[in-house]
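None of these values were measured; they are calculated from a predicted model. Whatever order the structure lists ligands and atoms in, that order sets their numbers, starting from 1.
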Amino acid sequence: MKILVTGGAGFIGSHVVDAYLAAGHQVTVLDDLSTGRRENLNPKAAFVEMDVADPRVRELLAAERFEVVNHHAAQVSVPLSAQDPLADLEANGRGTLNLLVAAAEAGVRRFVFISSGGAIYGEQEHLPTPEETVPRPLSPYGVHKLLGESYLPFFAQVHGLEWVVLRYANVYGPRQAPHAEAGVVAIFCSALLAGEQATIYRYDDMPQGMIRDYVYVEDVVRANLAALERGTGQIFNIGTGVPTTTLELYHTVAQAVGVEPRPRFGPPRPGDLRRSLLDVSRARRELDWQPRVSLAEGCRRTIAWLRGEG
Ligand SMILES: NC(=O)c1ccc[n+]([C@@H]2O[C@H](COP(=O)([O-])OP(=O)(O)OC[C@H]3O[C@@H](n4cnc5c(N)ncnc54)[C@H](O)[C@@H]3O)[C@@H](O)[C@H]2O)c1
C-alpha cells in the first residue's frame, strides 16, 4: 500500500513508519519537525517537511494518491495546550481538518486517526474505561483530539472515507523525548541513568502517586498494523488495562537501571489526572490485538536503548 504517515519523525510515528516499511508498504512521512527529529526518519521513506495545517497538503495528497493516511502529527503537550489553546487548535483541530479535506478530495481510501485515551476521557469513575464512556476532556488538547475524531463519520458518510481511531494510553519506549504526554517514563529513565533523582507528583490522598496505563511502543505499532485492515468505523483503546502508580513505575525503572529508588515528591501540576486506565477488550476482540510487553520488560528495553545497546 502507498501510505502517508504524518508525524513520522516523532517518537511513535517513526516506529510505525519502520513497521509499515518492513511489511512492504511504500511510505511518505509528512512532519514539520517541531518536536520530531531528522534522525528518527527512516531513509527508505520519502520525507516532506510541512505543517499539517498548510494549504499545500491538498496539492501533495492530490499528486501522490495515497491509499491510506495515518495521522500521528500533533501538538502533543497537554500543558502547552493549556497555555496556548489556539495554537493547539491550529495543529490538532485545523491541521486534522485540513488533512481530512485533502484526503477526501484525493480519494484516499482509509484514515487512521491517532487520539488519546487519557486526555479524552478525563477523570472517570469507571476504570478501566471502555470506549463508549462519555468523554470529559479537561484540556484543550483533549477537546481538540475529540474534535478530530468527531469529523470522521461526516467524511465517511459524504466522501466514503473509511476511518479507524486509536486512543492511546501512556506510550513509552525508545526515541521518546521527555516533553510528550507520557514523558514520565523518559524522564525517569534519563534521570536515573544520570544518577539523578526525579520527582513524583502526587495528590495528598494518593501517596503512591497517580495511576496510569503504560503501553510499550512496539505494542502500539502492532495496533497500527492491524488498523490497516481491520476495525473500520470504530474507536479502539490501545493500552494494557494494567494500573501502575508513579511510585511503582519509579521502582521498575530503578530496578532496570540497577540503582536504589530515591524519589523526590512534589504537588500535582494543574490538570494532572488522578487515574487513567483503558479497557482494551474491544481491540482484543475486533483487531485481534493485545499488549505483549510487560512494564518491566519495556523499561529494560528502553534503558538498553538509552545506553546505546538497542
Ligand atoms: N506519547 C503518548 O503517550 C501519547 C498518548 C496519546 C496519544 N498520543 C498521540 O500520538 C501521536 C504521536 O505522539 P508522540 O508521543 O510520538 O509525540 P512526538 O512529539 O514525538 O510526535 C509528534 C510529531 O508530530 C510532528 N508535528 C507536530 N505538529 C505538527 C504539525 N502541525 N504539522 C506537521 N507535523 C507536526 C512533530 O514534529 C513530531 O514529529 C500524537 O498524535 C499524540 O497526540 C501520544
Side-chain angles (χ1 to χ4, degrees), residues 4-18 28-42 45 47-57 60 69-78 80-81 84 86-99 102 112-121 137 139-149 165-187 212-217 219-221 223-224 227 235-240 249 273 276 278 298 302:
L4 178 72
V5 179
T6 72
F11 158 47
I12 306 168
S14 65
H15 286 282
V16 172
V17 169
D18 294 349
T28 297
V29 169
L30 185 150
D31 199 297
D32 69 355
L33 298 178
S34 51
T35 55
R37 300 159 67 108
R38 263 182 207 282
E39 50 268 44
N40 288 343
L41 286 169
N42 190 311
F47 174 55
V48 180
E49 187 173 344
M50 197 181 280
D51 185 332
V52 276
D54 191 311
R56 289 173 302 162
V57 167
L60 175 75
V69 171
N70 176 302
H71 183 31
H72 270 79
Q75 190 299 109
V76 296
S77 162
V78 174
L80 274 183
S81 85
D84 193 347
L86 289 170
D88 193 88
L89 178 64
E90 177 68 14
N92 296 350
R94 218 175 71 83
T96 298
L97 183 57
N98 190 45
L99 194 60
V112 181
F113 179 64
I114 304 309
S115 187
S116 166
I120 280 200
Y121 297 124
S139 64
Y141 169 80
V143 171
H144 300 148
K145 282 287 183 188
L146 191 56
L147 175 65
E149 290 188 7
V165 170
L166 304 179
R167 287 181 179 165
Y168 296 164
N170 291 56
V171 188
Y172 71 99
R175 300 184 197 155
Q176 183 172 31
H179 66 265
E181 217 191 313
V184 62
V185 178
I187 292 166
R212 292 289 181 272
D213 182 336
Y214 295 101
V215 61
Y216 190 62
V217 67
D219 286 328
V220 170
V221 164
N224 279 273
I235 296 173
F236 297 98
N237 287 339
I238 301 298
T240 63
L249 174 70
L273 294 178
S276 172
L278 304 187
T302 307

Exercise. Check if Gly117 has a non-hydrogen atom at a distance under 4.0 Å from any atom of ligand 1.
Key: no

Self-check item: Proximal atoms of ligand 1 relative to Val171 (non-hydrogen, under 4.0 Å)
Solution: 2 (C), 3 (O)

Quiz item: With atoms numbered from 1 as shown, which atoms in ligand 1 lie under 4.0 angstrom from a non-hydrogen atom of Leu33?
Solution: 37 (O)

Quiz item: Any nitrogen or oxygen of Asn170, main chain or side chain, under 3.5 Å from a nitrogen or oxygen of ligand 1?
Solution: no

Exercise. Before signing off on this row, confirm whether Gly36 and ligand 1 have an N or O atom pair separated by under 3.5 Å.
Key: yes

Exercise. Please identify which atoms of ligand 1 are closer than 4.0 Å to at least one heavy atom of Gly10.
Key: 20 (O), 21 (O), 38 (C), 39 (O)

Quiz prompt | Ser116, any N or O under 3.5 Å of ligand 1 N or O | solution = no

Quiz item: Which of these, His72, Glu90, His71, Arg175, has its nearest heavy atom closest to atom 11 (C) of ligand 1?
Solution: His72

Quiz item: Tyr172 vs Tyr214 aromatic rings, parallel, tilted or perpendicular, using cut-offs 30° and 60°?
Solution: perpendicular

Quiz item: Which of the listed options, Thr6, Asp31, Leu166, holds the heavy atom that is closest to atom 37 (O) of ligand 1?
Solution: Asp31

Self-check item: Euclidean distance, Arg37 CZ relative to Arg175 CZ, rounded to 0.5 Å
Solution: 10.5 Å

Self-check item: Atoms in ligand 1 with a heavy atom of Tyr168 nearer than 4.0 Å
Solution: 5 (C), 6 (C), 7 (C), 8 (N), 10 (O)

Self-check item: Exam field: side chain Asp88 to backbone Asp84, donor-acceptor pair closer than 3.5 Å
Solution: no

Quiz item: Are Gly95 and ligand 1 in contact, using a heavy-atom cut-off of under 4.0 Å?
Solution: no

Quiz item: Nearest non-hydrogen atom to atom 27 (C) of ligand 1 belongs to which of Gly142, Ala73, Ala74, Gly118?
Solution: Ala74

Quiz item: Can you list the residues that meet the ring-ring contact (aromatic ring centres under 6.0 Å, His included) rule with Phe236, with sequence neighbours excluded?
Solution: none

Quiz prompt | Asn98: side chain to side chain donor-acceptor pair (under 3.5 Å) partners, not counting sequence neighbours | solution = none

Practice problem: Any chance you could lay out the side chain to side chain contact (heavy atoms under 4.5 Å, CB included) test for His144 and Arg94, step after step, and finish with the verdict? | Solution: CA-CA 9 Å; His144 300 148; Arg94 218 175 71 83; over 6 Å; no

Quiz item: For ligand 1, which atoms sit closer than 4.0 Å to a heavy atom of Ala169?
Solution: 3 (O), 5 (C), 6 (C)

Quiz item: In terms of atom number and element, which parts of ligand 1 are under 4.0 angstrom from non-hydrogen atoms of Ser115?
Solution: 6 (C), 7 (C)

Quiz item: Going by the atom numbers of ligand 1, which of them fall below 4.0 Å from some non-hydrogen atom of Met50?
Solution: 32 (N), 33 (C)

Self-check item: Test item, Gly183 contacting ligand 1 (heavy atom, 4.0 angstrom)
Solution: no

Quiz item: Does ligand 1 have a heavy atom under 4.0 Å from the side chain of Ala53, from its backbone, from both, or from neither?
Solution: neither

Quiz item: Just by distance, do the side chain of Asp213 and the backbone of Ala169 share a donor-acceptor pair under 3.5 Å?
Solution: no

Exercise. Ignoring hydrogens and angles, tell me if any N or O in the side chain of Lys145 forms a donor-acceptor pair with the backbone of Pro140 under 3.5 Å.
Key: no

Exercise. Please state which part of Ala119 comes within less than 4.0 Å of ligand 1, counting heavy atoms only: side chain, backbone, both or neither.
Key: neither

Quiz item: Are Phe11 and His72 close enough that their ring centres sit under 6.0 Å apart?
Solution: no

Quiz item: Does Ile12, backbone or side chain, put an N or O under 3.5 Å from an N or O of ligand 1?
Solution: yes

Quiz item: For ligand 1, is any non-hydrogen atom under 4.0 Å from Tyr141's backbone (N, CA, C, O), its side chain (CB onward), both, or neither?
Solution: side chain

Exercise. Please determine if Lys145 has a nitrogen or oxygen closer than 3.5 Å to a nitrogen or oxygen of ligand 1.
Key: yes

Quiz item: Which of the numbered atoms in ligand 1 are below 4.0 angstrom from a heavy atom of Thr35?
Solution: 18 (P), 19 (O), 22 (C), 36 (C), 37 (O), 38 (C)

